[in-house]
Q: 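I am attaching a structure below and will ask some questions about it afterwards.
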Number of protein chains: 2
Amino acid sequence: MAEFSLIERIRRRAAAREDVVLGIGDDAALLRVPPGRELAVAMDTLNAGVHFPDGTAAADVGWKALAVNLSDLAAMGAEPAWCTLSLSLPQADAAWLDGFLDGFLELAAAHRVALVGGDTTRGPLSVCVTVHGLIEPGSALRRDGARVGDAVWVSGTLGDAAGALRQWQQQGVGVDPALRDRLDRPTPRVALGRALRGIAHAAIDVSDGLLADLGHVCTASGLAAEIELDALPCSAALAAAFDRNTRRALQAAGGDDYELCFTAPAEASAAIGALARALALPLARIGRTVEGAGVRALTADGTPWQPARAGYEHFG
Amino acid sequence: MAEFSLIERIRRRAAAREDVVLGIGDDAALLRVPPGRELAVAMDTLNAGVHFPDGTAAADVGWKALAVNLSDLAAMGAEPAWCTLSLSLPQADAAWLDGFLDGFLELAAAHRVALVGGDTTRGPLSVCVTVHGLIEPGSALRRDGARVGDAVWVSGTLGDAAGALRQWQQQGVGVDPALRDRLDRPTPRVALGRALRGIAHAAIDVSDGLLADLGHVCTASGLAAEIELDALPCSAALAAAFDRNTRRALQAAGGDDYELCFTAPAEASAAIGALARALALPLARIGRTVEGAGVRALTADGTPWQPARAGYEHFG
């Protein structure tokens with residue numbers, strides 16, 4: 001199977017959108033940005049053995065490669081529109097590609113994202129995706145918009161994906177399926193990001209770990225944050241699988257959650273509560289922004305707490 | 001050196017553009033597409049040992065990674081605007097990154113391209129770039145626009161990069177510096193692509209090899225092409241380094257040229273000649289489009305000629 005057959009295999013399954021003038025099959029895609037919208041662009045790569053365990057199902061790799069990118073658009077409040085895909089494969093494997101596309105295109109269809117271009121190359125398994133979204137000028141959720149006195153919120157639950165990875169790395173421990181699903185099939189919080197325009201002051205998606213990612217917001221906004229460890233939302237599966245101290249580290253510093261962490265003024269609490277109900281998505285108030293720099297995690301009695309590591313860093 | 005330091009190192013050197021609302025440093029870049037323009041998007045990956053020889057200078061890898069992408073925009077007639085970069089490195093190496101940026105940003109500056117986002121990850125050396133260009137609606141040079149009776153043209157010279165690779169692969173043969181420069185530092189023909197709007201019927205950049213790439217134009221346009229081998233433009237360095245038959249194969253099927261191959265009606269010849277003088281770039285008429293399918297390469301006496309392989313294919 002040659003490169004052109006792989007591309008043809010992808011092209012046949014790519015969905016259309018009215019604003020795609022020209023999709024897969026030329027030197028570049030041609031796209032129409034509607035008047036009154038700005039373009040939001042994010043790009044993330046997943047490498048085998050680094051961003052997902054070797055042996056992860058092809059469909060899960062496909063899902064996750066798009067999910068982590070859509071999560072970036074969600075964190076900006078942008079509406080997903082198009083994506084490009086660069087796939088490096090050790091060898092042309094039609095069955096693997098078909099499985100990959102199952103996961104990738106299932107998520108793309110759920111968000112009406114058209115796959116419009118990219119390339120396939122020979123190399124160690126690696127998936128690079130660029131996503132394009134649309135956003136009303138001036139309404140993006142930026143990292144630098146937090147203000148002192150904001151409440152800090154997070155969606156969903158934290159630590160599940162890191163918990164699955166921890167179990168996977170331990171000899172002789174089975175991986176809880178609910179946790180594994182959160183590692184393999186993260187849910188980009190696109191609807192939440194869109195709904196937070198005009199409500200949140202700042203937002204980021206939790207990919208490197210809550211403390212590290214909230215730290216980026218603090219740095220960009222020129223302030224500090226205090227987090228109450230006991231307020232971090234925890235799934236039943238995570239609570240059942242780990243002791244309190246391990247669980248805290250996974251929740252605060254594990255990463256790979258792809259939940260949204262955002263700050264909002266105190267008076268927005270009722271609106272955020274209503275949003276949680278409307279989206280059927282728990283939104284937990286976990287702390288506040290204060291003057292200063294950095295993120296402090298506090299136990300119930302106000303004691304500062306430090307995880308063994310602050311967050312996931314490549315080259316760390 | 002951690003990931004955030006690498007990103008900061010990149011961010012400090014990235015140039016600004018007025019239409020970049022938000023560049024490196026948030027979850028996504030925010031960009032403004034001017035009214036009356038469509039967006040052209042291309043994405044290409046270079047993997048070490050596949051798309052460039054191991055040991056290629058970092059600055060050359062940086063240049064080439066952007067050049068092959070700009071070449072795609074050139075082939076559409078689009079004006080380059082922004083790019084994103086995903087860099088996978090075996091280890092965080094500040095000196096290598098600085099060299100890489102030297103080459104990448106030198107070419108970016110020459111085309112006023114702003115680097116607006118991306119990521120750095122740990123993994124085998126791989127560079128993925130997405131470029132964004134702007135194009136007037138309806139004026140893109142597509143692969144499917146060729147008409148029977150068009151002349152087929154190509155810019156610059158062919159076979160130089162493939163010649164350098166051939167020499168590099170041969171034991172005990174030095175690589176000609178002029179050929180090596182064409183392999184490491186291809187010139188995207190952006191100004192030519194822009195100027196061909198309204199003149200050319202179809203265009204493609206020569207990356208896989210002339211016969212293969214022209215074959216894509218023929219397939220998309222539903223016609224055939226005849227190429228005169230003796231008309232293929234040849235550099236002095238290539239002519240000096242190889243016998244006629246080897247040279248022909250390198251020119252017709254070698255690839256990695258990043259010249260533009262385009263078709264145009266016969267009456268456009270004078271305009272194309274004037275363009276060649278204005279751009280100080282040789283433009284050679286190498287054949288014609290005819291009814292049928294496929295590409296035929298002919299020797300001076302009209303004998304069909306077949307290279308050992310039709311073009312560069314990954315997974316071939």
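These values consider heavy atoms only, across backbone and side chains, with no hydrogens, waters or symmetry-generated copies. Proteins come first, then strands; the chains are lettered A, B, ... in the order of their sequence lines, and each starts at number 1.
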Q: So, for V50(B) and R122(A), which heavy atoms are closest and what is the spacing to 0.1 Å?
A: CG2-O, 3.4 Å
Q: Looking at L85(B), N69(B), L141(B), L73(B), which makes the most heavy-atom pairs under 4.5 Å with chain A?
A: L85(B)
Q: Apply ring pair (Phe, Tyr, Trp, His ring centres under 6.0 Å) to Y258(B) and list each qualifying residue two or more places apart in sequence or on a separate chain.
A: none
Q: With a 4.5 angstrom heavy-atom cut-off, could you sort out which part of V20(B) is near chain A: side chain, backbone, both or neither?
A: neither
Q: Heavy atoms under 4.5 Å from chain B: which residues of residues 24-36 of chain A carry them?
A: G25(A), D26(A), D27(A), A28(A), A29(A), L30(A), L31(A), R32(A), V33(A)
Q: Quick one: which of T120(A), D119(A), L87(A) gives a side-chain contact (heavy atoms from CB on, under 4.5 Å) with T45(B)?
A: D119(A)
Q: With the side chain counted from C-beta on, respond yes when D44(B) and S86(A) share a heavy-atom pair under 4.5 Å apart, and no when they do not.
A: no
Q: Pick whichever of D72(B), I204(B), V217(B) has the most heavy-atom pairs under 4.5 Å with chain A.
A: D72(B)
Q: Flag the pair V41(A) / W82(B) as yes when at least one side-chain heavy-atom distance between them is below 4.5 Å, and no otherwise.
A: no
Q: State the CD-CG distance between E38(A) and D19(B), to the nearest 0.5 angstrom.
A: 10.5 Å
Q: Just by modelled atom types, is the S88(A) backbone N or O under 3.5 Å from a matching donor or acceptor in the N47(B) side chain?
A: no
Q: Go through the steps for H51(A) and T121(B) under the test side chain to side chain contact (heavy atoms under 4.5 Å, CB included), then give the verdict.
A: CA-CA 9 Å; H51(A) 300 93; T121(B) 57; 3.5 Å; yes
Q: Considering only heavy atoms, which portion of A203(A) lies under 4.5 Å from any heavy atom of chain B: side chain, backbone, both, or neither?
A: backbone
